[in-house]
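Worksheet: one structure, shown below.
Fair warning: this is a prediction, and the values are worked out from it, not measured in the lab. Letters A, B, ... mirror the listed sequences (proteins, then strands); counts begin at 1. Reckoned from all heavy atoms, side chains included, excluding hydrogens, waters and symmetry mates.
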Amino acid sequence: MHATDTTQDTQSAPGTAEQQWVEVCAKSDLVPDSGICALINQKQVAIYYSKRLDEVFAIGNYDPIGKANVLSRGMIGSIGDHTVVASPLYKQHFDLRTGECIDSPEHTVPAYEVRVHNDRVEIKI
Amino acid sequence: MKQRIIVVGNGMVGHKFIDGLMSNEKADEFEVITFCEEPRLAYDRVKLSSYFDGSSAEDLALTTEDDYREKGVVYTLNDRVVSIDKDKKTVTTAGGKTEAYDKLVLATGSYPFVPPIPGGDQEHCLVYRTIEDLEAITASAKESKVGAVIGGGLLGLEAANALKNLGLKTHVLEFSKGLMARQLDEGGGQLLCEKIEQLGVKVHTGKNTKEIIEGDECRYKMNFADGSELETDMVIFSAGIRPRDELAKQAGLDMGERGGIVIDNHCLTSDKNIYAIGECALWNNFIFGLVAPGYQMAKVAIDHIIDKHEEEFTGADMSTKLKLLGVEVGSVGDAMGQTPGAQCYTYNDGVAQVYKKLIVSKDGKKLLGAVLVGDTESYGTLQQLFINGMDLPAAPEQLILPQLDGEAPVGMGVDALPETAQICSCYDVTKGDIQKAVQEGCTDMGGIKSCTGASTGCGGCAALTKQVMDAELTSLGVEVNNNLCEHFEYSRQELADIVRVKQIKSFDELLESHGHGLGCDICKPAVGSILASFWNDYVLKEEHVGLQDTNDIYLGNMQKDGTYSVVPRVAGGEITPDKLVVLGEVAKEYKLYTKITGGQRIDLFGAQLHQLPDIWQKLIDAGFETGHAYGKAVRTVKSCVGSTWCRYGVQDSVDMAIAIENRYKGLRAPHKIKFAVSGCTRECAEAQSKDIGVIATEKGWNLYVCGNGGMRPRHGDLFATDIDDDTLIKYIDRVLMFYIRTADRLQRTSVWLENLEGGLDYLKEVVIDDKLNIGQELEDDMTRNLANYQCEWKTTLEDPEKLKRFRHFVNSDERDDNLAYVAERGQRRPATEEERKNRIPLVEIAD
Ligand code: SRM
Ligand SMILES: Cc1cc2nc3c(=O)[nH]c(=O)nc-3n(C[C@H](O)[C@H](O)[C@H](O)COP(=O)(O)OP(=O)(O)OC[C@H]3O[C@@H](n4cnc5c(N)ncnc54)[C@H](O)[C@@H]3O)c2cc1C
Ligand code: SF4
Ligand code: FES
């Protein structure tokens with residue numbers, strides 16, 4: 001899931017029963033057109049910022065094919081209409097909006113909602 | 001009732017027949033059984049030699065057992081048909097099976113002829129026809145140093161090439177006066193001979209082997225009729241092929257005087273229920289030793305069996321074009337000029353070593369044949385003029401004369417060809433077929449290949465096929481596509497030109513002005529490398545970060561568990577004891593696994609992201625620099641100890657290696673670049689397997705270029721001899737910059753050179769003769785680039801902002817909890833899945 005800068009949306013909707021918006025880091029901690037990794041409730045989450053789209057994305061950091069916590073260190077880009085990250089290990093592409101692996105759809109990684117709120121990055125988890 | 005067809009032999013032609021029949025609309029009227037003596041179904045014998053380049057039996061396979069089962073084809077492998085009962089219409093195999101047929105197709109091919117030479121049946125005397133033969137050759141070559149091929153025909157030279165690539169000193173023994181006597185005239189054969197000798201294969205013509213006896217220095221000694229002798233460890237017979245007609249002979253079918261099963265224009269033998277196709281068949285007193293005529297026969301036989309009777313076999317074009325041991329050879333039609341009244345034009349360039357001959361009809365209007373050695377560019381044109389019986393231009397000699405600069409090449413545009421012109425003779429694909437495929441949506445060679453089969457056989461028609469495709473695309477108004485990826489409608493070279501000419505300094509700028517979308521893992525690193533090659537900026541500048549592979553971003557190679565390796569530069573492989581101690585201490589402190597690399601330096605494995613800066617700080621303090629093991633960049637300059645210590649050394653190879661490594665370190669390129677410097681001709685640094693290889697001579701240095709180890713090894717080509725230090729550096733500057741400017745993405749120098757039009761000679765013209773007048777520019781580019789060198793680790797460590805990236809988590813100091821290691825031989829390595837599950841004692845990880 002994704003979100004653009006929502007600073008005007010100050011009283012944004014609360015999460016569902018189980019899911020909560022969690023504040024993770026400053027927007028300035030994001031690296032343009034690249035990824036970082038955050039530890040949220042003992043889960044590793046990869047967060048990317050596309051400067052061109054001015055959009056932030058978040059998916060699980062664990063690469064189910066390479067079997068290692070590396071997706072935050074992959075390269076982002078587009079394939080047709082999909083915005084994707086290529087795993088740095090074996091280069092499969094994961095859709096940043098849905099978590100689906102485009103090269104072998106039997107694999108998916110979790111995809112999280114993100115928003116930027118008062119210059120802080122928040123993730124619903 | 002279905003008609004029962006038995007096909008004896010499942011080689012290239014037998015399979016073609018089965019495949020054609022099963023994909024015919026009347027396929028369900030037939031039941032097909034095939035017997036094959038070999039242990040596998042049909043494979044591509046034409047590409048057999050690629051087995052030595054790493055192709056597996058599966059890669060060569062033309063079909064699979066599953067495919068046959070699916071189509072209902074019954075097959076027996078490893079069993080030979082030994083007799084035919086024409087009256088009962090049955091065949092019987094050596095394994096004791098008897099099967100009845102309605103129609104029988106003999107596709108038994110041929111076997112290599114082994115002349116009855118005393119001693120010719122010893123263990124290391126082999127032939128070259130099947131995958132098993134190649135396995136035997138590989139095994140024998142392992143125990144041999146010298147190899148001899150008897151027979152200098154097409155197959156003999158392929159065998160010689162294989163032996164040479166297997167590292168043997170190779171000899172070719174030919175009975176007649178020249179090589180490829182069936183395809184080339186004397187002049188052509190002689191030039192081929194000279195060229196092949198320059199490549200290190202010794203050719204002996206006019207040699208008639210009398211006996212093979214025990215050798216003095218090698219395993220065998222061959223004695224020749226003229227009294228001379230040759231020592232060799234192994235022998236490959238390639239003295240021609242003979243049709244496998246023993247079965248037909250037993251059945252009493254009509255045979256040719258010198259063998260071969262006689263067939264008519266429908267491929268029928270003297271028995272109306274038996275056909276023969278491929279290399280075992282004799283048509284018009286002629287055996288066709290090529291696959292294309294066999295495929296035509298298969299088509300004709302199918303046509304006859306399904307009762308269509310439309311097609312006839314009326315002979316076949318035996319033109320050939322190939323590259324033997326790197327030498328281009330082409331032969332069209334009546335190359336020997338045996339047609340009565342034939343006249344010829346000859347062009348012989350002894351300097352450039354090019355030989356071309358045209359044979360034309362008495363009235364000078366039609367082309368009868370041609371011979372090309374050393375330059376086959378006009379092959380496509382000539383072959384088309386020949387097979388389509390087209391009129392020659394007014395001055396036919398222009399077809400083989402070299403063009404002066406600026407003149408348009410003489411030839412025949414593909415537009416001039418009729419639609420029926422056969423472009424690919426292996427798969428009988430016409431110009432019309434290719435045009436149709438393009439119209440139906442094939443817009444690249446991959447598509448054309450899978451759709452029409454063109455250029456998937458011997459490959460000789462690839463250039464012409466592409467021309468037809470491009471012409472058709474152009475006429476449909478489509479631009480011909482060699483785009484880098486979906487985001488840029490330019491090739492790598494075009495993008496490089498744009499970057500250089502428009503002085504573009506970032507990916508975004510380029511994407512904005514010349515591309516679309518967000519980019520991807522293909523174009524980003526490619527553009528990153530172009531930018532770095534021209535401007536050599538710090539790769540982790542904010543605008544470049546997103547372009548780099550993880551290896552480049554974190555300045556280390558990612559390992560399977562997400563940790564990194566640390567490879568400091570050890571220029572020339574020379575390292576002081578003090579520096580060795582530092583490496584040992586750092587490795588101990590961080591519990592890193594250590595190993596000496598194949599590039600004469602030391603790799604420290606298993607560093608976690610957050611440890612990298614600390615580790616590198618310690619290394620840099622001790623005087624190390626980054627080794628760029630992570631980049632498409634200059635890697636190592638391997639050296640041997642050279643004249644300072646070695647009693648044979650003639651120059652100081654270590655000194656030169658260190659100078660070269662320090663000069664080019666940090667240089668980014670389309671792919672990695674490796675060098676080596678050897679101190680004498682013994683070549684202990686293996687310089688001939690490197691992109692740039694330097695070997696010391698008494699007078700200076702010999703420079704080799706475009707070698708490769710790795711996946712497809714290639715020996716470097718000798719580029720210049722006995723040059724001094726300055727000339728050496730000048731040539732290396734120019735070669736590398738020219739490579740960086742013109743190579744494709746991820747193309748090593750070896751592949752680049754092989755694809756460079758004009759090849760080595762052209763590269764020499766550009767670099768040594770400065771034909772393009774860009775020598776100075778290339779050197780200036782290099783100087784500018786090298787002036788910007790920086791140790792990326794040093795720059796990174798000086799910038800606290802950049803260091804922020806070297807943490808596993810942005811919001812926590814914990815480390816990745818997925819890492820697990822076990823101890824082995826006194827060090828640690830990543831635990832396997834199995835070991836993780838079973839909780840094998842894991843070792844502690846340094847924080
Ligand atoms: C570490 C090392 C093996 C070793 O333990 O000895 C090694 C390790 C890797 N090699 Fe290599 N190669 C190493 C020497 C070689 C050599 C030998 C040499 O350089 O003399 C070769 C053959 C020579 C050549 O390149 O022509 C070699 C041919 C390859 C190839 C095939 C390249 C080719 O064009 O055929 C690849 C794959 C590629 O680059 O696409 C490759 C790729 C790799 C990669 C990058 C694979 C990967 O993606 O992980 C490995 C990275 C290891 C790491 O984390 O550092 N490695 N590799 C060697 C590092 C040398 C160094 O000091 O930098
Ligand atoms: C190294 C090499 C390179 C070549 N390069 C080229 C090239 O560049 N261009 C080109 O056009 N041609 C080339 N050829 C020739 C080409 O491979 C042959 O023309 C083609 O394979 C002939 O096909 P075929 O089916 O007639 O014979 P094969 O492919 O030989 O098939 C015959 C099969 O029948 C089997 N068989 C024979 N007798 C029996 C029996 N009694 N019972 C059961 N099975 C039997 C054999 O074991 C064999 O498997 C090359 C050949 C070689 C060896
Ligand atoms: S040969 Fe293969 S496994 Fe060995 S280091 Fe090179 S790439 Fe890795
Ligand atoms: S002519 Fe051999 S592949 Fe086309």
Side-chain angles (χ1 to χ4, degrees), chain A residues 22-53 55 61-63 65-93 96 102 120-121 123, chain B residues 485-487 506-508 511-512 515-525 528 540 542-554 556-564 608-610 630 801-802 804-820 830 832-833 836:
Chain A
V22 181
E23 189 193 310
V24 179
C25 60
K27 189 176 173 195
S28 59
D29 287 329
L30 299 173
V31 186
D33 296 318
S34 188
I36 55 168
C37 177
L39 186 64
I40 311 172
N41 303 343
Q42 290 312 304
K43 285 197 181 99
Q44 297 200 13
V45 179
I47 308 171
Y48 310 89
Y49 171 51
S50 165
K51 206 167 80 188
R52 264 190 113 65
L53 301 176
E55 232 176 300
N61 191 36
Y62 186 73
D63 172 356
I65 299 166
K67 300 200 190 323
N69 286 313
V70 296
L71 289 185
S72 63
R73 289 174 265 163
M75 199 179 287
I76 65 171
S78 62
I79 298 186
D81 296 336
H82 302 272
T83 304
V84 297
V85 62
S87 164
L89 278 173
Y90 303 113
K91 312 289 172 199
Q92 292 88 359
H93 300 89
L96 293 182
I102 298 192
R120 304 293 298 172
V121 178
I123 294 201
Chain B
C485 66
E486 66 177 73
H487 306 104
S506 75
F507 179 79
D508 279 349
L511 189 67
E512 197 66 56
H516 41 78
L518 295 181
C520 64
D521 51 315
I522 293 180
C523 60
K524 284 182 168 186
L540 292 191
E542 182 173 302
E543 62 259 44
H544 299 329
V545 164
L547 307 185
Q548 315 299 339
D549 246 322
T550 184
N551 287 356
D552 271 298
I553 297 188
Y554 299 104
N557 287 327
M558 182 182 272
Q559 303 300 313
K560 60 200 292 186
D561 62 353
T563 63
Y564 290 86
Q608 296 171 59
L609 194 54
H610 67 272
Y630 41 81
E801 265 307 299
K802 298 284 173 303
K804 272 173 45 186
R805 219 170 8 250
F806 292 89
R807 296 200 281 172
H808 193 79
F809 297 112
V810 65
N811 59 346
S812 156
D813 286 335
E814 278 183 49
R815 55 169 183 78
D816 183 3
D817 61 358
N818 188 45
L819 303 176
T832 61
E833 287 276 288
R836 280 168 183 271

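- Of the atoms belonging to A/Asn61, it is side-chain heavy atoms, and not backbone ones, that fall under 4.5 Å from chain B.
- Looking at A/Val24, the atoms closer than 4.5 Å to chain B (heavy atoms on both sides) sit in the backbone and in the side chain alike.
- Contact count versus chain B (heavy atoms, under 4.5 Å) is highest, among A/Ala68, A/Ser72, A/Cys37, for A/Cys37.
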Inset, instruction - Applying side chain to side chain contact (heavy atoms under 4.5 Å, CB included), run through B/Glu814 and B/His610 and close with a yes or a no. - result: CA-CA 10 Å; B/Glu814 278 183 49; B/His610 67 272; over 6 Å; no
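- The backbone N or O of B/Asn818 lies less than 3.5 Å from a partner atom in the side chain of B/Arg836, making a donor-acceptor pair.
- If you measure heavy-atom distances from B/Asp561 to chain A, the contacts under 4.5 Å come from the backbone alone.
- The aromatic rings of B/Phe806 and B/Tyr554 lie perpendicular to each other, with more than 60° between the two planes, well past the 30° mark.
- When heavy atoms are compared at a cutoff of 4.5 Å, B/Glu801 does not approach chain A at all.
- The shortest heavy-atom contact between A/Ala46 and A/Tyr48 is CB-OH, 3.4 Å.
- Most heavy-atom pairs under 4.5 Å with chain A, from the set B/Leu511, B/Leu547, B/Leu609: that is B/Leu511.
- Across A/Asp33, A/Asp63, A/Asn69, the residue that shares the most heavy-atom pairs under 4.5 angstrom with chain B is A/Asn69.
- Among the candidates A/Thr83, A/Ile76, A/Val85, A/Asp81, the residue making the largest number of heavy-atom pairs closer than 4.5 Å to chain B is A/Ile76.
- Both the backbone and the side chain of A/Leu39 come within contact range of chain B, judged by heavy atoms closer than 4.5 Å.
- Highest contact tally toward chain B, considering only A/Ser78, A/Gly77, A/Ala38, A/Gly35, is held by A/Ser78 [criterion: heavy-atom pairs under 4.5 Å].
- With sequence neighbours left out, A/Ile79 forms a side-chain contact (heavy atoms from CB on, under 4.5 Å) with A/Val84, A/His93, B/Glu486.
- Note on A/Lys51 versus B/Asp508: salt bridge recorded, some NZ/NE/NH1/NH2 to OD/OE distance being below 4.0 Å.
- Residues A/Gln44 and B/Asp816 bring a donor and an acceptor atom of their side chains to less than 3.5 Å of each other.
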